[in-house]
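These numbers come from a predicted model, not from an experiment. Chain identifiers are assigned alphabetically (A, B, ...) following the order of the sequence lines, protein sequences preceding nucleic acid strands; residue numbering begins at 1 within each chain.
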Protein chains: 4
Amino acid sequence: MKHTDVETLFADNIKTTDLSEKQQKVLQASLTLFAQKGYENTSTLDIAHLAGVSEGTVFKHFKTKDGLLQAILNPFMHDIFPRVAGEFIDALHESIFDSFESFIRYVVKDRMTYAMDNRQEMKIFIQEMVKNPAIMTTLTNRLSKLIQGGVDTLFHEYKEKGELVDWDSMRIIRMASGVIVGYLIPNVIMSETPLDIDKTTDEVCEFLLDGLKPRD
Amino acid sequence: MKHTDVETLFADNIKTTDLSEKQQKVLQASLTLFAQKGYENTSTLDIAHLAGVSEGTVFKHFKTKDGLLQAILNPFMHDIFPRVAGEFIDALHESIFDSFESFIRYVVKDRMTYAMDNRQEMKIFIQEMVKNPAIMTTLTNRLSKLIQGGVDTLFHEYKEKGELVDWDSMRIIRMASGVIVGYLIPNVIMSETPLDIDKTTDEVCEFLLDGLKPRD
Amino acid sequence: MKHTDVETLFADNIKTTDLSEKQQKVLQASLTLFAQKGYENTSTLDIAHLAGVSEGTVFKHFKTKDGLLQAILNPFMHDIFPRVAGEFIDALHESIFDSFESFIRYVVKDRMTYAMDNRQEMKIFIQEMVKNPAIMTTLTNRLSKLIQGGVDTLFHEYKEKGELVDWDSMRIIRMASGVIVGYLIPNVIMSETPLDIDKTTDEVCEFLLDGLKPRD
Amino acid sequence: MKHTDVETLFADNIKTTDLSEKQQKVLQASLTLFAQKGYENTSTLDIAHLAGVSEGTVFKHFKTKDGLLQAILNPFMHDIFPRVAGEFIDALHESIFDSFESFIRYVVKDRMTYAMDNRQEMKIFIQEMVKNPAIMTTLTNRLSKLIQGGVDTLFHEYKEKGELVDWDSMRIIRMASGVIVGYLIPNVIMSETPLDIDKTTDEVCEFLLDGLKPRD
DNA sequence: AATGAATGAGCATTCATTCAT
DNA sequence: CATGAATGAATGCTCATTCAT
């Protein structure tokens with residue numbers, strides 16, 4: 001029930017476009033600095049220094065500073081997010097969750113682990129979303145359609161079995177993701193706190209399960 | 001059951017420090033632009049233009065660009081947030097909520113209204129939090145202490161009456177605010193959507209009430 | 001054998017142009033700050049603050065910042081310097097110096113005292129001279145003519161009496177003032193050192209007297 | 001009896017730090033303009049224009065405007081002044097001056113030539129000294145120690161031979177440099193006058209020799 | 001006369017980007 | 001491919017000066 005690691009996909013992505021060793025260093029430095037100080041407060045010279053390359057090298061492959069940002073975010077937007085989402089849904093259908101509880105427990109833990117494993121990228125993503133709401137709109141639409149399509153039939157089963165409240169799937173997802181997001185964001189941003197994923201999962205699930213229990 | 005409007009408090013604050021008409025325009029323009037384009041992407045010339053003043057005027061009172069940011073955020077951090085929280089708690093004790101449901105409904109609606117009424121300030125706040133996690137840590141601590149102190153006894157009543165699950169107050173608050181925040185943030189950031197507060201309140205409350213119902 | 005004090009002349013000058021109390025404070029503050037930090041590094045706001053007046057007041061009487069500088073330097077250039085020089089020469093003729101030695105001793109002490117009593121003004125003067133050589137040229141010409149005219153006959157006497165070398169008067173003056181100036185400038189600029197005038201006078205005179213003794 | 005030319009040392013210094021052609025132009029332009037109009041009255045745009053480079057280039061190597069000033073003055077303070085002083089003293093000991101007169105004549109001419117050859121740098125130095133007396137204090141201490149150490153024994157010889165007054169070496173140096181400085185400064189500052197070094201040397205020396213002759 | 005808010009030109013400095021080597 | 005010197009537009013900020021009150 002393991003999903004392809006984001007780092008692996010990311011590395012794949014890099015190899016695909018045939019990135020030289022120095023260019024990889026540049027990308028890595030950008031990732032670190034954008035997450036640490038924000039996009040606008042990171043100069044291309046900062047990146048060059050941290051990557052141990054010259055100023056010109058920063059632009060050789062990625063053309064512009066924005067190109068560097070896109071090189072970090074695009075895989076998330078157009079490739080990794082959907083792919084992970086797809087794999088996630090596939091996993092849902094392949095595995096037989098004996099109950100809605102085991103399902104929700106898997107989902108929560110999986111997404112939390114994912115987010116915490118990729119804090120830096122997430123942080124940059126959040127920063128960009130806040131500045132550019134269009135990203136959020138796009139992403140919300142993309143993901144919700146994808147998830148809804150894959151989850152609808154599954155939810156139907158659980159509703160029939162009397163384990164899930166008979167709400168619109170989107171409403172359920174919005175609620176669930178609201179709880180998860182509200183819980184996660186502070187931990188992503190305040191990266192000092194490590195977060196006990198198992199304990200948090202327990203807490204969140206106990207709450208979610210009752211909130212999403214069928215009404216009497 | 002009305003709470004002092006933030007705009008009123010803000011205006012008070014401005015009058016207190018005796019801000020000239022032009023300086024108010026400067027502050028207003030900063031608010032608008034910081035929220036729209038982000039702090040770093042707003043130049044002091046942009047602010048001057050929108051405020052209809054000269055660039056020198058921008059610096060006359062607020063000294064630096066950061067001073068302008070603080071003039072916007074400080075009232076939230078040090079004055080308005082706590083005051084609103086205080087008033088909110090007072091309101092809780094003065095009013096007799098006949099049930100946990102009417103209580104939770106008031107809270108959710110009140111906080112949502114507050115947030116939506118001050119979208120711009122919230123947006124800037126969120127941006128700064130993402131960049132500077134220390135703000136979040138401070139704020140979280142300040143508010144949670146304040147709220148917990150005021151809410152603990154109230155929760156005790158509801159727990160006794162069997163209307164509220166017997167969890168630690170902090171856990172309940174974290175859950176509830178997680179749902180509200182997870183719901184609100186997208187709407188604050190994507191400010192085009194107006195958001196139907198009554199409908200959203202209903203949705204959120206229905207979910208929360210079951211999630212926080214005592215366990216059988 | 002006392003010469004009119006510069007401060008008195010300065011005060012006279014101020015009263016003549018009918019300067020209000022605040023304007024005098026402005027002038028005094030300018031004097032202090034120009035001497036301390038230099039003309040260009042002193043802002044009109046600095047002056048206003050030190051004088052305890054508003055920004056506008058600084059310009060009310062003196063029109064421009066340069067006007068303030070001129071108000072400080074002009075009395076030296078066009079009034080005080082020549083007047084002092086005149087008085088000095090008058091004093092020379094009135095008093096009967098029994099020897100060239102008593103004459104030179106008087107001159108050296110008198111000029112040194114004058115310079116040290118007006119360090120601030122001197123310092124500003126020096127700064128302006130360095131930046132604007134024209135001032136120096138003008139001043140040099142003005143003073144040398146004045147002094148030469150008044151001193152020539154006197155020198156003639158001493159030369160006849162065999163107490164002074166038979167050089168051109170200008171050459172003598174240039175030498176003497178060279179020694180004095182070379183000795184004074186460091187002390188004017190490094191205003192922390194108080195300088196023992198009597199001892200310095202002795203040293204300088206002993207040296208000067210032999211340097212200006214008639215050749216065998 | 002030739003001392004290493006300052007320009008050569010300066011050029012060495014530049015080559016050592018590997019300054020590009022444009023950067024040398026920047027330095028040269030700064031030298032010219034600082035001397036001409038003073039540090040504060042020279043804008044970095046002025047420098048860029050005179051150097052024929054862009055404004056960014058001015059900051060590429062020297063980082064700040066002050067860095068440019070230091071790049072001009074530091075060689076004088078920390079390198080060239082002491083080195084020249086050292087070479088000067090070496091020269092004194094190597095060469096055998098048959099008399100105090102030939103010695104003093106060499107010194108006066110040498111120092112005058114040096115000063116007039118480096119008028120621009122000297123002028124900037126003087127400006128900075130006037131503004132920042134600490135520089136003068138430091139320099140005075142550094143040089144006097146250096147010179148005294150090297151000159152003491154030499155003076156002893158001349159005193160024994162009855163060619164030099166029996167004063168403390170420092171007093172002699174202060175007097176002599178006072179005359180030279182008093183003579184030079186006007187000529188350094190009013191750079192239009194070319195100054196006849198040979199004639200001036202004669203005048204100064206004649207005066208100095210008698211002033212420093214042993215007392216009867 | 002005095003005030004201080006307002007002005008706008010000017011300044012040092014930064015930084016993404018280009019290009020010759 | 002990599003380098004780093006050069007670029008020039010943009011930026012935050014200062015400051016002498018004006019003017020309505």
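Out of E/dC15, E/dA6, F/dA6, the shortest distance to the side chain of B/Gln23 is found at E/dA6. The nucleotide whose nearest atom lies closest to any side-chain atom of D/Lys22 is, among E/dA1, E/dA12, F/dA6, F/dA6. The side chain of C/Thr44 has F/dA16 as its nearest neighbour among F/dG8, F/dA16, E/dC11.
With sequence neighbours left out, the side chain to side chain donor-acceptor pair (under 3.5 Å) criterion links C/Thr42 to no other residue.
A straight line from NZ of B/Lys60 to C1' of E/dA9 spans 15 Å, rounded to a whole angstrom. Between C/Phe62 atom CZ and F/dT17 atom P there is a gap of 14 Å when expressed in whole angstrom units. Regarding D/Phe34, its CZ atom lies at a distance of 12 Å from the C1' atom of E/dA12, rounded to whole Å. Spacing between atom CG of D/Leu69 and atom P of E/dA12 amounts to 13 Å, rounded to whole angstrom units. Between the NZ atom of B/Lys63 and the P atom of E/dG4 there is a distance of 12 Å, given to the nearest Å. Atom NZ in C/Lys25 sits about 13 Å away from atom P in E/dA2, given to the nearest Å. Residue D/Phe59 contributes atom CZ, which lies 6 Å from atom P of E/dA12 at whole-angstrom precision. Rounded to a whole Å, the NE2 atom of C/His61 is 16 Å from the P atom of E/dT3.
For A/Asn41 and B/Gly52, each mapped to the nucleotide of DNA chain E holding its nearest heavy atom, the one lying further toward the 5' end belongs to B/Gly52. For the pair C/Thr42 and A/Gly56, both in contact range of DNA chain F, the more 5′-proximal nearest nucleotide belongs to A/Gly56. In terms of position along DNA chain F, the nucleotide closest to D/Val53 lies nearer the 5' end than the nucleotide closest to the other residue of the pair C/Leu45 and D/Val53. Between C/Glu55 and D/Asp66, the residue whose closest nucleotide on DNA chain E is further toward the 5' end is C/Glu55.
The phosphate of F/dA5 (OP1 or OP2) has no side-chain N or O of D/Ser20 nearer than 4.0 angstrom. Under 4.0 angstrom from either OP1 or OP2 of E/dT3 there lies at least one side-chain N or O belonging to C/Ser54.
Counting any heavy atom pair closer than 4.0 Å across all strands shown, C/Thr57 reaches a base atom.
Using a cutoff of 4.0 Å between basic side-chain nitrogens and carboxylate oxygens, C/Lys65 and C/Glu55 are not scored as salt-bridged.
Look at F/dA20: its Watson-Crick or wobble partner, with both distances under 3.5 angstrom, is E/dT3.
The CG atom of B/Leu68 lies 8.0 Å from the OH atom of B/Tyr39; values are rounded to the nearest 0.5 Å.
Annotation: side chain of B/Lys123 is not in contact with side chain of B/Phe34 (no heavy-atom distance under 4.5 Å). By the 4.5 Å heavy-atom criterion applied to side chains, B/Phe62 and B/Leu19 are counted as neighbours.
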